Asks: 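Can you read through this structure? Questions will come right after.
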2 protein chains.
Amino acid sequence: MTVEQRKSASGRAGSGAAAGLFSPVSAVRVSQVIVDQIRLLIQQGRLKPDDRLPSERDLCEQFDVSRVTVREALRVLEAGGLIEIRVGARGGAFVSTPSSARVGEGLADLLKLSPLTAAEVTEARMVFELGIVPIVVERATPEDIAALKEICDRQQDALKDESYSMTLSAEFHVRVAACTHNAAIEMLVKSFHGPLLMSLEEAKVAAPVMGRRGSTEHREFVDAIERRDADQATAIMRAHLQRTADRVAPDTAEC
Amino acid sequence: MTVEQRKSASGRAGSGAAAGLFSPVSAVRVSQVIVDQIRLLIQQGRLKPDDRLPSERDLCEQFDVSRVTVREALRVLEAGGLIEIRVGARGGAFVSTPSSARVGEGLADLLKLSPLTAAEVTEARMVFELGIVPIVVERATPEDIAALKEICDRQQDALKDESYSMTLSAEFHVRVAACTHNAAIEMLVKSFHGPLLMSLEEAKVAAPVMGRRGSTEHREFVDAIERRDADQATAIMRAHLQRTADRVAPDTAEC
DNA sequence: CAGGACTATTGGTATGACCATATTGCTGGT
DNA sequence: ACCAGCAATATGGTCATACCAATAGTCCTG
């Protein structure tokens, strides 16, 4: 029996599964209902990363809709970074590991669309990265500090053979955020340093100059953390970030 | 001539939009190419918010693909918050105004999927909202302050007829962020107060108790801003947010 | 046993049709 | 002349079927 055939008898019972408890009467857009159902399964952990969803054709039967509908649902989920679609035999939709990169991309998209300047984004970043310094000072473990030092070492090596890049700098800042032992903070900072900053053309030209001096400041910062000197650490980080900010927007130098 | 008929001669031209410089040879997925094209048009401002894209059937012709393909592309763009689709005559795809709500949803998704606690998210929010206080003190205009006072008034009215809600509180905090006159900061704070916080069940139970006291603190905060007293303002806001944090995670009361 | 050809699985796209909805505008009655 | 109501139309949403393309496994051949 095809979907078309049984439509008359069903009377649009409106699934009722996905939107739980008085689901909005919407019901216009079956594909959205499917999106919600699958999203829910993933959020509830009943589908774990790397799990494979049934093939499109199987899903058609299970949801009792056409393949087009299933496909549109999968596309939305894919765009949202919840699943990843591979073609070929043994292909299909796989639950993807939550990645800050996806969010970063979404952020970058919207920021590029809004009339946001690099200066504004940089300032927001400054606020956040400065704000976490006291937390870092308080919570950084010896392991954290060792990891930071290790990154500093690699940066100095990179300076020698001139392979220093913004990626290395980003790695440092993300690791600092990780010292808060707060996954939310870490993820946000990651988002900042991911596609977001990279998408700002202005940010790139700043990289080369940042090299030596930035690296030095990184090391001083770690020392301050190790001494649990919040004021000093904050001051160093402020100068460090401010220099980036000035480079990004020399004109907009406010205050 | 149908699409099918001319397929042989086409030969895939690989977008190059999204991944910048040497786009992956992928090109398996015409719909993605369309997504990139439209996305580019929007980013370049050649399609402005509220502009209406051609109807699906028109786009089919212009891109020379089938309707399914166009639809999948539109779905992806819609999921990314770049366009909004309305049905009916005079319906179609409209370039949407960049909204922080979308970003917030993306963030909320990511956070919900990760094993993040409400306490972590709240702490991240604290860091950010505290960090902007000095900027607010510096940049708040008389109009900003007047707007904040007006919100305070409405909150007190709401207290009388017991209609005080988290929404009102959120409005205040977002308006405070707007005082930085930095769109990026405003957008981030909006994201925090939008789908993100709302998705945290724990946050809701905190609302009723916050009412009177929260309202008072709001007003004190505005006064401090008016006096340009950064220290005082920060102190008030810290206490205010800390109270929320304690409610959200009574157990995790750190520091 | 190695390597290439075959086959099955699965996503990607094309077509053509029909339904649901919302806007527009006409039409007839007051 | 005005308004309620219905028909026409534009547009997205879905369905069914068919075929193409990519990939992994299998089998056959040398």
Side-chain angles (χ1 to χ4, degrees), chain A residues 1-15 25-36 38 51-79 83-94 96, chain B residues 1-12 14-15 24-36 38 52-79 83-96:
Chain A
M1 188 198 257
T2 70
V3 177
E4 198 75 2
Q5 284 165 343
R6 71 177 69 178
K7 266 227 193 113
S8 42
S10 70
R12 272 305 150 72
S15 83
V25 200
S26 74
V28 195
R29 256 219 282 219
V30 180
S31 64
Q32 189 56 47
V33 177
I34 299 185
V35 169
D36 292 340
I38 298 181
D51 276 1
R52 178 178 174 280
L53 275 65
S55 74
E56 294 182 354
R57 289 166 178 90
D58 285 347
L59 285 174
C60 293
E61 286 186 22
Q62 296 190 29
F63 284 115
D64 192 30
V65 296
S66 86
R67 208 173 139 211
V68 187
T69 306
V70 167
R71 283 179 58 74
E72 292 198 348
L74 293 180
R75 267 310 194 311
V76 172
L77 291 169
E78 187 192 37
I83 65 175
E84 177 188 337
I85 296 179
R86 296 200 278 270
V87 301
R90 298 293 190 210
F94 295 80
S96 72
Chain B
M1 187 199 257
T2 69
V3 178
E4 197 75 1
Q5 285 165 342
R6 71 177 69 179
K7 261 217 195 130
S8 42
S10 70
R12 291 287 157 64
S15 89
V25 202
S26 74
V28 196
R29 246 204 303 209
V30 179
S31 66
Q32 189 57 45
V33 177
I34 298 185
V35 169
D36 292 341
I38 297 181
R52 177 177 175 282
L53 275 66
S55 74
E56 294 181 353
R57 289 167 177 90
D58 286 347
L59 286 173
C60 294
E61 285 186 22
Q62 296 190 29
F63 283 115
D64 191 32
V65 297
S66 84
R67 210 176 140 212
V68 189
T69 307
V70 167
R71 285 178 57 74
E72 292 200 348
L74 293 181
R75 268 305 194 308
V76 172
L77 290 170
E78 189 192 36
I83 64 175
E84 175 187 338
I85 296 178
R86 297 200 276 270
V87 301
R90 295 288 192 228
F94 295 81
V95 178
S96 72

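Sequence lines set the chain letters: A, B, ... in the order given, protein chains first and strands last, and positions in each chain run from 1. Remember, it's a predicted structure, so these values are computed and weren't measured experimentally.
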Asks: Which residues pass the salt bridge (charged side-chain N to carboxylate O under 4.0 Å, His left out) test with Arg52(B), sequence neighbours left out?
Replies: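 With sequence neighbours excluded, Arg52(B) shows a salt bridge (charged side-chain N to carboxylate O under 4.0 Å, His left out) to no residue whatsoever.
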
Asks: Val68(A) or Leu53(B): which one's nearest nucleotide on DNA chain D is closer to the 5' end?
Replies: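 The 5'-side residue here is Leu53(B).
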
Asks: Considering every strand and a 4.0 Å limit on heavy-atom distances, what is the contact class for Ile85(A): base, sugar-phosphate, or nothing?
Replies: sugar-phosphate

Asks: Write down the atom of Ala79(A), the atom of Ala79(B), and the distance for their closest heavy-atom approach.
Replies: CB-CB, 3.9 Å

Asks: Grab the CZ-P distance between Phe94(B) and dG12(D) for me, whole Å please.
Replies: 9 Å

Asks: Any heavy-atom pair between the side chains of Glu61(A) and Pro54(A) that's under 4.5 Å?
Replies: no

Asks: So does Ser31(A) get a side-chain nitrogen or oxygen closer than 4.0 Å to the phosphate oxygens (OP1/OP2) of dT14(D)?
Replies: yes

Asks: Whole angstrom is fine here: how far is it from CD in Glu84(B) over to P in dT11(D)?
Replies: 17 Å

Asks: Nearest whole angstrom, please: distance from the C1' of dG12(D) to the CG of Leu59(B).
Replies: 12 Å

Asks: Quick check for you: among dG13(D), dA14(C), dA16(D), whose closest atom lies nearest to any side-chain atom of Ser66(B)?
Replies: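 Per side-chain heavy atoms of Ser66(B), the pick is dA14(C).
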
Asks: Using only side-chain N and O atoms of Arg75(B), determine if any of them is under 4.0 Å from OP1 or OP2 of dG12(D).
Replies: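 For dG12(D), neither OP1 nor OP2 has a side-chain N or O of Arg75(B) closer than 4.0 Å.
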
Asks: Counting side-chain heavy atoms from CB outward, which of dT10(C), dT13(C), dT14(D) is closest to Glu72(B)?
Replies: dT13(C)

Asks: Report which part of the nucleic acid Arg86(A) touches: base, sugar-phosphate, or nothing (heavy-atom distance under 4.0 Å, all strands).
Replies: sugar-phosphate

Asks: Whole angstrom is fine here: how far is it from CD in Glu56(B) over to P in dA20(C)?
Replies: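 The answer, rounded to whole Å, is 17 Å.
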
Asks: Between Arg71(A) (CZ) and dT10(C) (C1'), how many Å, whole number?
Replies: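 My rounded result for the distance is 10 Å.
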
Asks: Counting only side-chain heavy atoms from C-beta out, which of dT10(C), dT14(D), dA22(C) sits nearest to Ala89(B)?
Replies: dA22(C)

Asks: Is there a side-chain contact between Arg90(B) and the phosphate of dG25(C), meaning an N or O under 4.0 Å from OP1 or OP2?
Replies: no

Asks: Rounding to an integer number of Å, can you tell me how far Arg67(A) CZ sits from dG13(D) C1'?
Replies: 18 Å

Asks: May I ask you to evaluate whether Arg29(A) reaches the phosphate of dG12(D), defined as a side-chain N or O under 4.0 Å from OP1 or OP2?
Replies: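 For Arg29(A), the contact criterion (side-chain N or O under 4.0 Å from OP1 or OP2 of dG12(D)) is not met.
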
Asks: Taking all heavy atoms of Ser31(A) and all of Ala73(A), pick out the closest pair and write down the distance.
Replies: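 The pair with the smallest heavy-atom distance is O-CB, 3.6 Å.
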
Asks: Can you tell me how far P of dT15(C) sits from CG of Asp64(B), to the nearest Å?
Replies: 9 Å

Asks: I want to verify a distance call: between dG12(D), dG11(C), dC15(D), whose nearest atom is closest to the Thr69(A) side chain?
Replies: dC15(D)

Asks: I need the minimum non-hydrogen distance between Ile83(B) and Ala93(B), along with the two atoms involved.
Replies: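 Taking every non-hydrogen atom into account, CD1-CB, 4.0 Å.
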
Asks: Taking the side chain of Ser55(A) as its heavy atoms from C-beta onward, which of dG11(C), dG13(D), dT13(C) lies nearest to it?
Replies: dG11(C)

